[in-house]
2 protein chains.
Amino acid sequence: MTVTYRESVQGLLRDRLLDSAQAQIERRGWSSVTMARIADEVGVSRQTVYNELGAKRQIAEHLAMRELARFLDVVRDRMSERDDLVEAITWTCRGVLELGERSLLVRTIVGSVPGEHDPDLLAILTVESGEIVEAASVVVKECIVSLGAELPLSDAELDVAVESVVRLVLSAITRPSKPPEQAAADIGWILGLALAGARDRS
Amino acid sequence: MTVTYRESVQGLLRDRLLDSAQAQIERRGWSSVTMARIADEVGVSRQTVYNELGAKRQIAEHLAMRELARFLDVVRDRMSERDDLVEAITWTCRGVLELGERSLLVRTIVGSVPGEHDPDLLAILTVESGEIVEAASVVVKECIVSLGAELPLSDAELDVAVESVVRLVLSAITRPSKPPEQAAADIGWILGLALAGARDRS
DNA sequence: CCCCCTTGTCAAGTCACTTGACATGTCATA
DNA sequence: TATGACATGTCAAGTGACTTGACAAGGGGG
């Protein structure tokens with residue numbers, strides 16, 4: 001019993017509600033998302049939506065966190081598919097950036113015209129992005145550590161490096177300027193240079 | 001909203017309970033299945049098991065019906081993969097018999113030593129098998145009708161033919177004497193002969 | 001300005017599930 | 001044979017998630 005019945009049920013409700021909200025966003029934008037419509041589509045009462053997800057503002061955050069989880073799954077998968085650190089990071093960045101292109105939710109948020117940015121969604125990409133960077137950094141660092149390679153960086157320096165990579169990826173997703181493969185190669189290149197410089201240092 | 005949230009939850013509970021019961025059967029036999037253990041594994045109270053599934057005897061029936069559904073899925077799939085009726089039936093019988101060999105639940109029930117047959121499980125294969133024959137016959141007939149071939153049989157005669165095939169398959173599952181492919185060919189051969197005879201008749 | 005819709009909150013009701021208890025039956029063992 | 005351990009099956013009272021209906025407050029659009 002890895003996951004209990006009760007947890008499954010609770011998770012099922014959450015998922016359904018978020019699925020509905022996400023579908024509405026992707027169809028007609030965030031402003032068309034309505035607590036009543038979510039409740040209706042899922043077949044529960046409006047109050048239950050409030051109980052489970054909280055105010056509408058928080059729904060956007062929940063969606064962001066759920067989407068983040070999808071990206072972190074890619075991170076975990078890809079990081080274990082290469083031995084060399086720089087290659088692993090490059091390969092992972094590419095996968096993440098490609099998912100960013102495929103993700104309908106991300107495209108809807110990022111792709112909306114600046115002027116008509118919904119305040120709630122905009123907030124996610126700015127105020128809340130701190131949490132995103134933090135969560136992603138933790139996962140990436142875990143993957144690097146479990147890779148077990150010898151690094152010319154102190155623990156604190158590793159944190160900085162990881163966070164920088166995460167921020168570069170996030171930036172490339174929100175303001176893409178080149179295809180994923182090349183953007184990933186660029187990030188890997190920078191990281192490689194930094195590691196070489198650190199190695200020379202000693 | 002093809003299936004509502006509430007239905008999903010109810011179905012989830014049922015499935016979990018039956019999964020647990022089935023796992024216990026396959027591990028240590030029917031007699032080791034306990035209402036308390038089912039409740040415990042799924043993480044609900046013992047009373048909930050009674051509410052949802054009824055007495056222990058009925059759990060065996062539920063399991064049989066659920067397993068039957070798996071077999072009928074195979075029937076529906078295979079019957080649509082051949083144009084000629086006899087070929088379709090032969091192909092379907094083979095698939096069903098092969099599933100019978102793979103099905104851990106079926107193997108556990110059928111394969112248990114005659115002397116130690118648990119009364120409840122034994123009942124399923126005897127008393128309850130009427131329901132099984134009936135349900136399976138309905139599905140098979142539906143498939144035949146939707147196949148749309150011209151048949152030399154009246155509707156009542158078709159019922160008899162279908163039921164006979166179903167009974168032959170059921171028998172081959174419970175008392176297998178040859179590999180699925182050959183047993184299926186045998187059934188198809190009989191059916192072919194019967195149809196030829198019916199055609200001559202007119 | 002008023003109407004309609006939305007958000008957000010509250011209290012009372014409903015129903016699935018829990019809890020604890022009890023009667024009953026069966027089997028192993030002293 | 002008596003007895004303890006354990007299983008089935010049922011009941012009533014309790015808990016908590018979800019429902020229902022209502023309300024205040026805040027925008028747009030006719």
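Letters A, B, ... are given to chains in the order of the sequence lines, protein chains preceding strands, and every chain is numbered from 1.
Phosphate proximity of C/dC17 to A/Y5: present, with a side-chain N or O under 4.0 Å from OP1 or OP2. Applying the 4.0 Å criterion to OP1 and OP2 of C/dG8, one finds that A/R57 has every side-chain N and O outside that range. Under 4.0 angstrom from either OP1 or OP2 of D/dC6 there lies no side-chain N or O belonging to B/T34. Close to D/dT19, at under 4.0 Å from its OP1 or OP2, lies a side-chain N or O of A/S45. Look at A/T48 and you'll find a side-chain N or O under 4.0 angstrom from OP1 or OP2 of D/dT19.
With C/dG8, D/dC18, C/dC17 as the choices, the nucleotide that has an atom nearest any side-chain atom of B/R6 turns out to be D/dC18. Looking at the side chain of B/Q47, the nearest of the listed nucleotides C/dC17, D/dT10, D/dC18 is D/dT10. When the nucleotides C/dT7, D/dC18, D/dG9 are ranked by their closest atom to the side chain of A/M35, C/dT7 comes out on top.
In terms of heavy atoms, A/H62 sits closest to A/R14 at CE1-NH2, 2.9 Å. Across all their heavy atoms, A/L63 and A/L18 have their closest contact at CD2-O, 3.6 Å. Nearest heavy atoms, A/G188 versus A/V86: O-CG1, 3.5 Å.
Between B/L17 atom CG and C/dA16 atom P the separation is 15 Å, expressed in whole Å. When rounded to the nearest whole Å, the span between CG of A/L13 and P of D/dG16 equals 18 Å. Atom P of nucleotide D/dC11 and atom CG of B/N51 are separated by 11 Å, given to the nearest angstrom. Atom-to-atom, CD1 of B/I59 to C1' of D/dA7 comes out at 13 Å; the value is rounded to the nearest Å. When the C1' atom of C/dT7 is taken as reference, atom CG of A/L53 falls 15 Å away, rounded to whole Å. Rounded to whole Å, the distance from CG on B/L12 to P on C/dC17 is 11 Å. In this entry the distance linking CZ of A/R16 with C1' of D/dC18 reads 16 Å, nearest Å. The distance from atom CD1 of B/I38 to atom C1' of D/dT8 is 12 Å, rounded to the nearest whole Å.
Between atom NZ of residue B/K141 and atom CG of residue B/D159 there is a gap of 3.5 Å, rounded to the nearest 0.5 Å.
When atom types are taken as modelled, the side chain of A/T108 and the backbone of A/L104 share a donor-acceptor pair closer than 3.5 angstrom.
B/V9 comes within 4.0 angstrom of nothing in the nucleic acid, heavy atoms only. Backbone-only contact: A/V33 has heavy atoms under 4.0 Å from sugar-phosphate atoms and none from a base.
At a cut-off of 3.5 angstrom, counting only N and O atoms as typed in the model, there is no donor on one side facing an acceptor on the other between the side-chain of B/R46 and the base of C/dG20.
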